[in-house]
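To keep things clear, I will list the structure first and then write my remarks on it.
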Amino acid sequence: MRINEMGNFYEDFEVGQEIRHALSKTIFESDNNLFCLLTMNAHPVHTNVEYAKKQQHGQVLVVGTLVFSLVVGLTVPDISGKAIANLDYENIKHLAPTYIGDTIYAKSIILEKRLSVHKPDRGIIYVETIGYNQNGIDVVSVRRHVLVMCKEESA
């Protein structure tokens, strides 16, 4: 039995590996409202049911940056729990709308990995994470480089 530790070391990741993250989260109206308040996003498509009914999707949309942040958070126990830093986020794509009541899941694919040039006790993994809803519809994707500790100094 593997003891549940937060995150993985550089050596634990393999290029091509797919990780289906165990965490998931249903987005409630309170989550969306709080995120709008915290980020000062006052667009009524995110907070006004009557306004949203008259728009393209016919209902309140969850703020895209909330969905992005949630999906990254769902990966922490597997991807960045032992990370020193997320070095960048790139290629963020909002693929489909997310609505109040949707449950979000995440999966990641390790695209590349390399040891740090300057510090032999760490490596960089390049990962793509896809967030999807309860219907299996991909709603967001993001790529990032994550600086992760090694089990042992590799040089």
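As the structure is a computational prediction, the values presented were derived from the model and not from experiment. Count residues from 1 along the sequence.
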*Could you please spell out the steps behind the side-chain contact (heavy atoms from CB on, under 4.5 Å) verdict for N33 and T47?*
CA-CA 7 Å; N33 288 343; T47 59; 4.1 Å; yes
*Rounded to the nearest 0.5 Å, how far apart are CZ of R114 and NE2 of H145?*
6.5 Å
_Heavy-atom pair with the smallest gap, counting every atom of L66 and I27_ = CD2-CG2, 4.3 Å
*With the side chain counted from C-beta on, respond yes when F35 and T65 share a heavy-atom pair under 4.5 Å apart, and no when they do not.*
yes
_Separation of L95 CG from N133 CG (nearest 0.5 Å)_ = 11.0 Å
*Starting at OG of S80, measure out to CD1 of I125 and round the result to the nearest 0.5 Å.*
8.5 Å
*Judged by atom type as modelled, is there a donor-acceptor pair below 3.5 Å linking the side chain of Q134 to the main-chain atoms of T103?*
yes
*Y126 and I109: same hydrophobic cluster, using ILVMFWY side-chain contacts below 4.5 Å?*
yes
_Main-chain N/O of Y10 paired with K113 side-chain donor or acceptor, under 3.5 Å_ = yes
*asked:* To check you understand the geometry: which heavy-atom pair defines the closest contact between I137 and A96, and what is its length?
replied: CG2-CB, 3.9 Å
*May I ask you to decide if L70's main-chain N or O and K25's side chain share a donor-acceptor pair within less than 3.5 Å?*
no
*For I19 and I110, which heavy atoms make the closest approach, and how far apart are they?*
CD1-CD1, 4.3 Å
*asked:* Before you tell me yes or no, could you show the steps for V127 and R144 under side-chain contact (heavy atoms from CB on, under 4.5 Å), namely the whole-Å CA-CA distance, both residues' side-chain angles and the distance that decides it to 0.1 Å?
replied: CA-CA 6 Å; V127 60; R144 62 186 162 139; 3.6 Å; yes
*asked:* Within this structure, what is the NZ-CG distance for the pair K107 and D78, rounded to the nearest 0.5 Å?
replied: 15.0 Å
*Any sub-3.5 Å donor-acceptor pair from D31's side-chain atoms to F28's backbone N or O?*
yes
*asked:* Does Q56 have more than 12 heavy atoms from other residues, nucleotides or ligands lying within 6.0 Å of its CD?
replied: no
*Nearest non-hydrogen partners of E11 and K151, listed with the distance*: OE1-N, 2.8 Å
*Quick one: closest heavy-atom pair of H21 and S108, and the distance?*
NE2-OG, 2.7 Å
*In terms of hydrophobic clusters joined by side-chain contacts under 4.5 Å, are L111 and I92 together?*
no
*May I ask whether M149 and L147 are part of the same hydrophobic cluster, defined by side-chain heavy atoms of I, L, V, M, F, W, Y residues being less than 4.5 angstrom apart, directly or through others?*
yes
*Could you state whether V63 and V71 fall into the same hydrophobic cluster, counting links through intermediate Ile, Leu, Val, Met, Phe, Trp or Tyr residues with side-chain heavy atoms under 4.5 angstrom apart?*
yes
*Starting at CD of E112, measure out to CD of E128 and round the result to the nearest 0.5 Å.*
12.0 Å
_Greater than 12 external heavy atoms within 6.0 Å of E29's CD_ = no
*Hey, are the side chains of C150 and L115 touching, using non-hydrogen atoms and a 4.5 Å cut-off?*
yes
_Spacing of I79 atom CD1 and L74 atom CG [to the nearest 0.5 Å]_ = 11.5 Å
*Side-chain donor or acceptor of N32 paired with backbone N/O of H46 under 3.5 Å*: yes
*State, to 0.1 Å, how close A52 and V60 come at their nearest heavy-atom pair, and which atoms those are.*
CB-N, 3.5 Å
*If only atom types and distance count, is the side chain of H43 paired as donor or acceptor with the main-chain N or O of V45 below 3.5 Å?*
yes
*asked:* If hydrophobic clusters are built from ILVMFWY residues whose side chains come within less than 4.5 Å, do V139 and I100 share one?
replied: yes
